[in-house]
Amino acid sequence: MTRLVWRPTALADREAIMDYIAQDNPAAAVDLDDDFEAKAELAREHPKLYRAGRMKGTREIVVRSNYVMVYRIEDAGDTVTMLRVLHAAQQWPKQENTKL
């Protein structure tokens, strides 16, 4: 069975997004977080389901129209690692930092 791992950076991204949205609409924040969790679970079950990422070796999940989760398949397919959770307006990848 494939493992799902959240990197600390991805968890911090997710928490910041939830905190921001919860200021105006706590229920919407919970709904979006549920969507993040559901999409990550689908990636765990079907690692190649989502599109190839902009950085080599990554894949990207569009979560609604404004959010993208970036992940990598590791350990010969035994692990799906969530690397970042980004707002679509954020530049990805950052030009000065092309390593994860």
Side-chain angles (χ1 to χ4, degrees):
M1 177 184 233
T2 303
R3 287 183 330 132
L4 176 62
V5 175
W6 288 84
R7 282 260 180 101
T9 305
L11 289 172
D13 292 340
R14 189 173 160 182
E15 185 175 336
I17 291 166
M18 295 305 99
D19 289 346
Y20 179 77
I21 293 172
Q23 291 175 18
D24 293 326
N25 190 336
V30 170
D31 287 346
L32 179 58
D33 197 51
D34 288 346
D35 286 350
F36 289 150
E37 198 64 40
K39 296 283 187 170
E41 180 60 21
L42 274 174
R44 184 193 66 76
E45 293 171 1
H46 308 282
K48 294 184 179 179
L49 178 64
Y50 297 104
R51 71 183 187 199
R54 287 167 265 186
M55 286 187 66
K56 184 178 180 179
T58 66
R59 300 190 79 78
E60 297 180 6
I61 304 168
V62 176
V63 181
R64 302 188 185 174
S65 58
N66 290 332
Y67 296 97
V68 175
M69 295 193 320
V70 181
Y71 70 98
R72 182 172 31 222
I73 302 166
E74 299 177 330
D75 303 325
D78 289 339
T79 304
V80 168
T81 303
M82 293 296 158
L83 304 170
R84 298 295 311 265
V85 181
L86 305 166
H87 189 278
Q90 289 177 268
Q91 181 181 350
W92 174 257
K94 291 187 176 190
Q95 296 305 316
E96 70 276 2
N97 184 12
T98 56
K99 291 189 177 192
L100 295 173

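The basis for the numbers below is simple: all heavy atoms, side chains too, and nothing from hydrogens, waters or symmetry mates.
Taking the side chain to side chain donor-acceptor pair (under 3.5 Å) definition, one finds that Asp78 meets it with nothing, sequence neighbours left out. In this structure Asp35 satisfies the salt bridge (Lys or Arg N to Asp or Glu O under 4.0 Å) test together with Arg64, sequence neighbours excluded. For Arg3, there are no salt bridge (Lys or Arg N to Asp or Glu O under 4.0 Å) partners, not counting sequence neighbours. Asn25 meets the side chain to side chain donor-acceptor pair (under 3.5 Å) test with no other residue; sequence neighbours excluded.
If you take OG1 on Thr58 and CZ on Arg72, they are separated by 8.0 Å, rounding to the nearest 0.5 Å. Distance check, rounded to the nearest 0.5 Å: CG of Leu86 to CD of Glu60 gives 8.5 Å.
Cluster partners of Leu49, using a side-chain heavy-atom cutoff of under 4.5 Å among ILVMFWY residues and allowing indirect links, are Leu4, Trp6, Leu11, Ile17, Met18, Tyr20, Ile21, Leu32, Phe36, Leu42, Tyr50, Ile61, Val63, Tyr67, Met69, Tyr71, Ile73, Val80, Met82, Val85. Grouped with Val30 in a hydrophobic cluster is no other residue, since no side-chain heavy-atom contact under 4.5 Å to another Ile, Leu, Val, Met, Phe, Trp or Tyr is found.
Ser65 and Ala88 get closest at one heavy-atom pair: O-CB, 3.9 Å.
The residue from Thr81, Thr2, Thr79 that alone fulfils the side-chain hydrogen bond (donor to acceptor under 3.5 Å, both in side chains) condition with Glu74 is Thr81.
Residues in residues 10-22 take part in these salt bridge (charged side-chain N to carboxylate O under 4.0 Å, His left out) pairs, two or more places apart or across chains: Asp13-Arg84, Arg14-Asp33, Arg14-Glu37.
Using a 4.5 Å heavy-atom threshold, the side chains of Val70 and Arg54 count as separate.
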